[in-house]
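Notes follow the structure.
Quantities reported herein were computed from a predicted structural model and do not represent experimental measurements.
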Amino acid sequence: MYKPYLHSKFKFIVDCFGTSISVSDQIARINQFQPSMPLLGSTDLNNPEVTFCYYEDWGRPEKSLESTGQFRTSPKHCWFGIQVASGNRTIVSQFDLKKRNYIGTTTMDPELSLVMANQALARPGALVLDPFVGTGSFLFTCSHFGAYSLGADIDGRQIRGTGNPTTSAFFFGFLF
């Protein structure tokens with residue numbers, strides 16, 4: 001797997017689920033590949049030609065404690081591969097429900113609205129119509145990607161918010 005990248009600029013990503021790994025332990029995990037993968041290229045953390053990824057799954061700590069009476073001493077699973085693409089998980093916090101001024105009974109989870117915006121191919125210049133807009137979660141994520149967003153709802157209370165005669169508090173909560 002590594003031979004096409006023998007002389008390429010590279011970097012390693014070490015990450016885990018269910019625990020944390022100190023920097024010194026991350027370096028030790030990277031060094032364990034040296035005997036079987038003698039890479040001759042230079043390390044480039046900013047602009048690598050290839051990124052090698054090593055992930056460990058330690059499971060849920062409370063589950064291992066529950067079943068055995070002690071914490072896990074080794075990971076349940078390990079994966080190693082080449083990074084093909086990376087996601088933008090930080091965008092989820094931008095639309096976090098805890099940051100909203102108003103949440104209705106039909107407010108959509110930020111992850112779901114981002115997935116739906118992706119499926120709708122929301123992009124600059126696209127037009128998105130949500131006939132059941134509710135509190136607007138889907139339209140805000142589509143607008144984030146540059147789409148023109150329009151919405152309607154039979155129940156105006158969702159758009160206005162409880163006790164709020166205007167939509168300004170609702171919409172200003174999403175300006176970034």
- Message: Once you measure the plane-to-plane angle for Y54 and F33, does it fall in the parallel (<30°), tilted (30-60°) or perpendicular (>60°) bin?
- Response: perpendicular
- CG/L39 to NE2/H7 distance, rounded to the nearest 0.5 angstrom? 10.0 Å
- Query: Is it true that F145 and Y148 fall in one hydrophobic cluster, defined by side-chain heavy atoms closer than 4.5 Å?
  - Reply: no
- Message: Is there a path of hydrophobic side-chain contacts, each under 4.5 Å between heavy atoms of I/L/V/M/F/W/Y residues, joining F132 to F138?
- Response: no
Solution key, residues 113-127 side-chain donor-acceptor pairs under 3.5 Å, sequence neighbours excluded:
from, atom 1, to, atom 2, distance (Å)
S113, OG, P110, O, 3.0
R123, NH1, L121, O, 2.6

- Item | Check: Y5 and F10 side chains under 4.5 Å, non-hydrogen atoms | no
- Item | Exercise: identify the closest heavy-atom pair between C16 and S20 | SG-CA, 3.8 Å
- Task: Look at atom CG of L40 and say whether more than 12 heavy atoms of other residues, nucleotides or ligands are closer to it than 6.0 Å.
- Result: yes
- Task: Answer whether the closest heavy-atom distance between the side chains of F95 and S137 falls below 4.5 Å.
- Result: no
- List the atom of I13, the atom of Q83, and the distance in Å for their closest heavy-atom pair. CD1-OE1, 3.9 Å
- Query: Which of parallel (below 30°), tilted (30 to 60°) and perpendicular (above 60°) describes F52 and F80?
  - Reply: parallel
- Value rounded to 0.5 Å, distance of SG in C53 from NZ in K11: 8.5 Å
- If two hydrophobic side chains count as joined below 4.5 Å and joins carry through other members, does I82 share a cluster with Y55? no
- Under 3.5 Å: donor-acceptor pair, side chain of D57, backbone of K76: no
- Message: Looking at E111 and V92, would you say the former's side chain and the latter's main chain have a donor-acceptor pair under 3.5 Å?
- Response: no
- Could I get the full list of salt bridge (Lys or Arg N to Asp or Glu O under 4.0 Å) partners for D44, not counting sequence neighbours? K9
- Would you kindly confirm whether L139 and L112 end up in one hydrophobic cluster when ILVMFWY residues are joined by side chain heavy atoms under 4.5 Å apart? yes
- Message: As an exercise, state the distance from CG of D15 to CZ of R29, rounded to the nearest 0.5 Å.
- Response: 11.0 Å
- Message: Restricting to non-hydrogen atoms, name the atom on P48 and the atom on T51 that form the minimum distance, rounded to 0.1 Å.
- Response: CG-OG1, 3.6 Å
